[in-house]
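Everything quoted here is computed from the prediction, not taken from an experiment. Both counts, for ligands and for their atoms, begin at 1 and track the order of listing.
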Amino acid sequence: MILVTGGAGFIGANFVLDWLATRDEPVLNLDKLTYAGNLENLASVQADERYVFVQGDIADTPLVMQLLDQHKPRAIVNFAAESHVDRSILGPEDFIQTNIVGTFRLLDAARKYWGGLSTNEQAAFRFLHVSTDEVYGSLSASDPAFTENHRYEPNSPYSASKAASDHLVRAYHHTYGLPVLTTNCSNNYGPHHFPEKLIPLMIVNALAGKPLPVYGNGMQVRDWLYVRDHCSAIRRVLDGGRLGEVYNVGGWNEKPNIDIVHTVCALLDELRPRSDGKSYREQVKFVADRPGHDQRYAIDASKMERELGWKPAETFATGIRKTVQWYLDNPGWVANVQSGAYSKWVQTNYTSRP
Ligand code: NAD
Ligand code: TYD
């Protein structure tokens with residue numbers, strides 16, 4: 001079996017669902033269930049005998065050691081993280097704890113477990129660390145896209161904490177020989193995306209008749225990848241990635257934020273028109289910029305294609321349509337994630353942005 005951490009979050013849940021749909025191998029999901037973890041994402045596999053869920057922290061070494069000894073996974077895929085840049089600006093501590101200390105403790109538990117395996121089991125074992133393009137910092141409009149050799153220049157507490165975790169993963173390979181793989185992916189979008197991030201926030205705010213808050217001038221560029229393409233890339237790296245290597249994953253799809261917001265509005269105008277006949281674009285509101293806002297991310301994913309034959313299956317046009325449709329089809333999911341702590345976050349982040 002494989003151990004997935006953070007499998008109740010956005011990408012982790014999509015990964016678990018796709019894994020169980022395409023493979024026979026069981027999955028153990030270790031997730032702390034922070035505000036971002038949502039077991040409703042996994043309701044369709046809850047009764048699947050190949051799926052086991054354990055609520056817990058990757059930094060809880062006794063628990064992780066017990067799970068490794070009991071379930072004997074042949075791989076660990078580490079999604080668990082604090083993942084939202086704005087939250088890292090307002091409160092970095094949790095990011096240091098989970099992304100740095102948590103990854104370190106998980107690595108160390110994996111090293112001890114791996115050290116006790118047979119030679120064949122050791123050779124087959126993989127620790128795959130899921131990371132982000134944000135560790136490379138910000139590009140100007142004319143810079144080439146990030147390759148795996150780009151210097152690390154993280155600018156937010158989030159990206160700095162992910163950069164630290166990437167370095168620890170590298171060190172555990174170099175020093176102890178742990179068979180690690182790292183993926184650095186661009187911005188994901190798709191079903192089960194928590195509506196604190198740009199695309200789901202715009203969809204749910206638009207439908208609720210609320211303002212669509214665009215930071216600064218909306219000209220910052222991100223490189224968007226449909227989440228299931230990210231999941232297929234991770235499977236590909238797990239199957240065929242070279243040990244100790246880093247793989248950049250992206251959608252070859254750079255767009256300024258304002259274009260993304262306009263695309264979402266246009267799809268909603270078509271699929272769920274406003275009752276007054278006006279466009280959802282009327283709800284766009286430019287608000288105070290994010291401090292230290294990175295201007296541009298862009299991934300050069302050619303190593304993934306060259307070495308592993310991976311390419312995204314979705315274009316942005318097909319992926320964003322599926323995504324908007326998913327939110328329209330799942331109002332219950334949206335209502336559930338918006339109860340509880342969500343409204344407090346929205347108030348904290350947006351009332352300070354005139
Ligand atoms: P998310 O915030 O939606 O989910 C994170 C999950 O991790 C949640 O289920 C949460 O409960 C769990 N978690 C948090 N702390 C934990 C801990 N200490 N122990 C166990 N579980 C814990 O995040 P996501 O968007 O799904 O991102 C998953 C991974 O992919 C992260 O490592 C992130 O850095 C990386 N990534 C995300 C993107 C993106 O666009 N979302 C892009 C590239 C890389
Ligand atoms: P986000 O989804 O938070 O991802 P990241 O910061 O990790 O790239 O934000 C994507 C882009 O959208 C980023 O440039 C910030 C911007 N943004 C807004 O303009 N308004 C918002 O309300 C949010 C959440 C993000």
Side-chain angles (χ1 to χ4, degrees), residues 4-15 29-39 41-42 54-60 63-64 77-89 94-95 97-99 101-103 105-106 129-135 138 155-156 158-159 161-162 165-166 183-190 192-202 205 211-225 227 230-231 234 248-250 255-258 260-261 284-290 293-297 299 337 345-346 349-350 353:
V4 165
T5 71
F10 164 48
I11 306 173
N14 277 285
F15 182 83
N29 175 14
L30 171 65
D31 196 297
K32 189 177 171 183
L33 296 184
T34 68
Y35 78 94
N38 181 0
L39 288 182
N41 293 341
L42 295 157
V54 173
Q55 181 172 4
D57 192 329
I58 56 167
D60 181 347
L63 172 67
V64 173
V77 184
N78 182 32
F79 292 95
E82 290 293 333
S83 69
H84 188 32
V85 173
D86 293 320
R87 284 185 190 257
S88 84
I89 294 168
D94 288 348
F95 291 72
Q97 185 55 37
T98 284
N99 300 1
V101 178
T103 303
R105 296 224 177 113
L106 185 67
H129 180 60
V130 180
S131 193
T132 165
D133 60 358
E134 302 191 27
V135 298
S138 184
N155 291 321
S156 71
Y158 164 65
S159 54
S161 67
K162 290 297 289 188
S165 67
D166 293 8
T183 54
N184 291 89
C185 187
S186 61
N187 285 59
N188 285 212
Y189 67 98
H192 306 286
H193 204 180
F194 194 76
E196 64 183 355
K197 307 279 171 62
L198 179 72
I199 289 179
L201 182 86
M202 294 300 147
N205 275 17
L212 308 180
V214 176
Y215 296 167
N217 63 5
M219 289 311 292
Q220 295 81 13
V221 171
R222 298 291 182 265
D223 179 353
W224 295 93
L225 179 70
V227 61
H230 186 189
C231 295
I234 292 169
N248 282 359
V249 181
K255 289 195 189 300
N257 294 335
I258 192 66
I260 298 290
V261 175
V284 170
K285 185 180 173 215
F286 290 92
V287 299
D289 208 351
R290 173 186 279 175
H293 200 168
D294 282 340
Q295 180 56 36
R296 174 177 167 238
Y297 304 141
I299 279 281
V337 299
W345 161 253
V346 170
N349 191 43
Y350 293 97
R353 290 180 189 277

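Scanning both residues, Leu63 and Asp57, for their nearest heavy atoms gives CD2-N, 4.2 Å.
Taking Lys197 as the reference, nothing meets the salt bridge (Lys or Arg N to Asp or Glu O under 4.0 Å) condition, with sequence neighbours excluded. Checked against salt bridge (Lys or Arg N to Asp or Glu O under 4.0 Å), Asp86 has the following partners two or more places apart in sequence or in another chain: Arg290, Arg353.
Here His84 has no heavy atoms under 4.0 Å from ligand 1, in either its backbone or its side chain. The backbone of Ser186, and not its side chain, has at least one atom closer than 4.0 Å to an atom of ligand 1 (non-hydrogen atoms only; backbone = N, CA, C, O). When heavy-atom distances to ligand 1 are checked against a 4.0 Å cut-off, Thr5 has no atom that comes that close, whether in backbone or side chain.
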Tabulated below should be the N or O atoms of ligand 2 paired with protein N or O atoms at under 3.5 Å; can you produce that?
| from | atom 1 | to | atom 2 | distance (Å) |
| --- | --- | --- | --- | --- |
| ligand 2 | 2 (O) | Leu198 | N | 2.9 |
| ligand 2 | 3 (O) | Arg290 | NH2 | 3.1 |
| ligand 2 | 4 (O) | Asn187 | ND2 | 3.3 |
| ligand 2 | 6 (O) | Arg290 | NH1 | 2.5 |
| ligand 2 | 6 (O) | Arg290 | NH2 | 3.2 |
| ligand 2 | 7 (O) | Glu134 | OE2 | 2.5 |
| ligand 2 | 8 (O) | Asn187 | ND2 | 2.9 |
| ligand 2 | 8 (O) | Arg222 | NE | 2.8 |
| ligand 2 | 12 (O) | Asn257 | ND2 | 3.4 |
| ligand 2 | 14 (O) | Arg222 | NH2 | 3.2 |
| ligand 2 | 14 (O) | Asn257 | ND2 | 2.8 |
| ligand 2 | 14 (O) | His293 | NE2 | 2.7 |
| ligand 2 | 19 (O) | Tyr215 | N | 2.8 |
| ligand 2 | 20 (N) | Pro213 | O | 2.8 |
| ligand 2 | 22 (O) | Pro213 | O | 3.3 |
| ligand 2 | 22 (O) | Tyr350 | OH | 2.6 |

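With distances taken over non-hydrogen atoms, the option nearest atom 11 (O) of ligand 1 out of Asp133, Asp31, Asn14, Asn99 is Asp31. Comparing Phe15, Tyr158, Phe95, Trp224 against atom 34 (O) of ligand 1, the shortest heavy-atom distance belongs to Tyr158. The option from Phe10, Phe79, Tyr35, Tyr297 that lies nearest to atom 3 (O) of ligand 1, judged by heavy atoms, is Phe10. In this structure, of Ala81, Ser159, Ala80, the residue bringing a heavy atom nearest to atom 5 (C) of ligand 1 is Ala81. Of the candidates Ala59, Gly6, Gly190, the one placing a heavy atom closest to atom 6 (C) of ligand 1 is Gly6.
At least one heavy atom of Gly56 lies less than 4.0 angstrom from ligand 1. Proximity of Ser131 to ligand 1 is established by a heavy-atom distance of less than 4.0 Å.
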Without placing hydrogens or testing angles, list every side-chain donor-acceptor pair under 3.5 Å for residues 4-11, not counting sequence neighbours.
| from | atom 1 | to | atom 2 | distance (Å) |
| --- | --- | --- | --- | --- |
| Thr5 | OG1 | Asn78 | OD1 | 2.6 |
| Thr5 | OG1 | Phe79 | N | 3.2 |
| Thr5 | OG1 | Ala80 | N | 3.2 |

Quick one: do Tyr158 and Glu134 satisfy side chain to side chain donor-acceptor pair (under 3.5 Å)? Show the steps, please. CA-CA 9 Å; Tyr158 164 65; Glu134 302 191 27; 5.2 Å; no

Any chance you could lay out the side chain to side chain donor-acceptor pair (under 3.5 Å) test for His192 and Asn14, step after step, and finish with the verdict? CA-CA 8 Å; His192 306 286; Asn14 277 285; 5.0 Å; no

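Looking only at side-chain heavy atoms (C-beta outward), Pro213 and Leu201 come within less than 4.5 Å of each other.
No side-chain N or O of Asn184 forms a donor-acceptor pair with one of Asp133 less than 3.5 Å apart. In the model, His129 has no side-chain atom that pairs as donor or acceptor with a side-chain atom of Thr183 under 3.5 Å. A donor-acceptor contact under 3.5 angstrom links the side chains of Asp166 and Ser131, judged on distance only. Defined by atom type and a distance below 3.5 Å, a donor-acceptor pair is present between the side-chain atoms of Glu196 and Tyr35.
Nearest protein heavy-atom neighbour of atom 19 (N) of ligand 1: Ile58 N, 3.0 Å.
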